[in-house]
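Below is one structure, written out as structure tokens; the observations come after it.
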Amino acid sequence: MTARFADYQFGIYFDALNGRISDFPMDHGTLESKAMAVLPPSLRSYVAGGAGDEATQRRNVEVFSRWGLVPRMLVGAEHRDLSVTLWGTTFPGPIFMAPVGVIGLVTDHGDIAVAQAAAQTGVPAMFSTLMVDPLEEVIGHAGPTASFFQLYTPRDRDLAASLVQRAEKAGYRGIAVTLDTWTPGWRPRDLTSGSFPQLRGHALANYTSDPVFRRLAEGGDVVRTWASVFGNPLSWNDLGWLRSLTELPIVLKGICHPDDARRAIDAGVDGIYCSNHGGRQANGGLSALELLPAVAEACGDVPVLFDSGVRSGTDVVKAIGLGATMVGIGRPYVHGLALGGVPGLVHLLRSVLAEADLLMAVNGYPDFAAVRANTRRAA
Ligand code: FNR
């Protein structure tokens, strides 16, 4: 039975007939500006800001307009299959919530709120290492929806092993190892306010609840200990060790070159996550979307996760058209949660899915094979 995401649209119209107009914006631009107005200034700059003059961050978004979808008529695409099977689990739709380290601060117990939205929508979340509540506590709120854990690999190998093994034991279904953030990029907005949440002791619950970290921090300062162990500049030689830590699928986040994708797959990873961290880490790059087709080609049958610049259901469909298996929503879900708590986030996720589903309906695409066959670069 395929999910009928498009029905969300008629729900909104029929509610309006009964005098109930939704409080939530229907487009991302309005959602973003309203969310920014309610976030405290330090979080606003942390969420909105990127590296350098933010050229890569803007390009991530703008470049989606360089690709277009060719409509196909008389297909009768009344039933559409937007489901995706990833490492043995089938999800009703092709999106997931990308790891966002400060989501726990965006609303009260924000990581738990994300898990609750995952439970309500079936959209899986990939939870950051940086959480306000410990990973064991958070996953319990995701109901039947699978959850993934994102690892910022610490310099201390025992701590890395402990985090991964805790995630495995708690029931997470895969580990995303983020490669591009062993040190933060140059972020003028955060530098201007001197604000970096983790250095103020926020979102460190997975560390402070960890027996290995506690040993490392014994008699010292938690934040300083955290800063000294946080970022491991991994090399190819570390992949075998990472692989040995868990039976769970491992996906590498931040791979943007086909040679890196091939080498990682040869080393035994289970997925490639093409992303430039939303332009928050390295400025001066191409957009992640421009790099996606070559990465996807190098991956063959190995799943390709993608994020960076996705702002709508249309963007989701285009990313799938260019080779993504599953598409990560980043900042937009932060905005949904900031503005409307769990209901605001659920609305955002349902809106993205409804738009993607309706786009496939009117364009005559019953499935993602049709999407891929009809995605073109604009002249
Ligand atoms: C992130 N991202 C991120 N990635 C990661 O692997 N671990 C993390 O803890 C975080 N934290 C984080 C915080 C905030 C505020 C943002 C906006 C992003 C990156 C995230 O997973 C994703 O790659 C980007 O958000 C994609 O870019 P857009 O689409 O949000 O612009």
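Counting starts at 1 for both ligands and their atoms, following the listed order. By convention here, the first residue in the shown sequence is residue 1.
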Per-atom filter on ligand 1: closer than 4.0 angstrom to a heavy atom of Asp307 are 21 (O), 22 (C), 23 (O), 26 (C)
of all protein heavy atoms, closest to atom 6 (O) of ligand 1 is Thr178 OG1, 2.7 Å
If you scan protein heavy atoms around atom 27 (O) of ligand 1, the nearest is Gly278 CA, 3.0 Å
Within the 4.0 Å heavy-atom cut-off, what Lys253 brings close to ligand 1 is side chain
Taking atom types as modelled, find out whether Asn60 and Asn276 have a side-chain donor-acceptor pair closer than 3.5 angstrom. yes
Logged contact type for Arg331 with ligand 1, heavy-atom cut-off 4.0 Å, is both
Measure from NZ or CZ of Arg280 to the centre of the six-membered ring of Tyr46, then state whether that distance is under 6.0 Å and the direction lies within 45° of the axis.
yes
Test item, Arg311 contacting ligand 1 (heavy atom, 4.0 angstrom):
yes
Within 4.0 Å of some non-hydrogen atom of Ser275, the atoms of ligand 1 are 23 (O)
When distances are taken from atom 15 (C) of ligand 1, the protein heavy atom at minimum range is Arg280 NH2, 3.6 Å
Looking only at protein heavy atoms, what sits closest to atom 21 (O) of ligand 1 is Pro99 O, 2.7 Å
Quick one: do the Ser42 and Arg200 side chains pair a donor with an acceptor below 3.5 Å? no
- Query: Is the closest side-chain donor-acceptor distance between Thr181 and His277 under 3.5 Å?
  - Reply: yes
Q) Charged N to carboxylate O below 4.0 Å: is that the case for Arg262 and Asp259? A) yes
Ranked by distance from atom 9 (O) of ligand 1, the top protein heavy atom is Ser128 OG, 2.7 Å
Atom 11 (N) of ligand 1 sits nearest the protein heavy atom Gly101 N, 2.9 Å
Within 4.0 Å of some non-hydrogen atom of Val100, the atoms of ligand 1 are 10 (C), 11 (N), 12 (C), 13 (C), 14 (C), 15 (C)
For Val310, the ligand 1 atoms with a heavy-atom partner under 4.0 Å come out as 29 (O)
shortest atom 5 (C) of ligand 1-to-protein heavy-atom contact is with Tyr152 OH, 3.3 Å
Assess, by modelled atom type and distance only, whether the side chains of Thr2 and Asp81 contain a donor and an acceptor separated by less than 3.5 Å.
no
the protein heavy atom lying closest to atom 25 (O) of ligand 1 turns out to be Gly330 CA, 3.8 Å
Counting from 1 in the order shown, the ligand 1 atoms closer than 4.0 Å to a non-hydrogen atom of Ala98 are 21 (O)
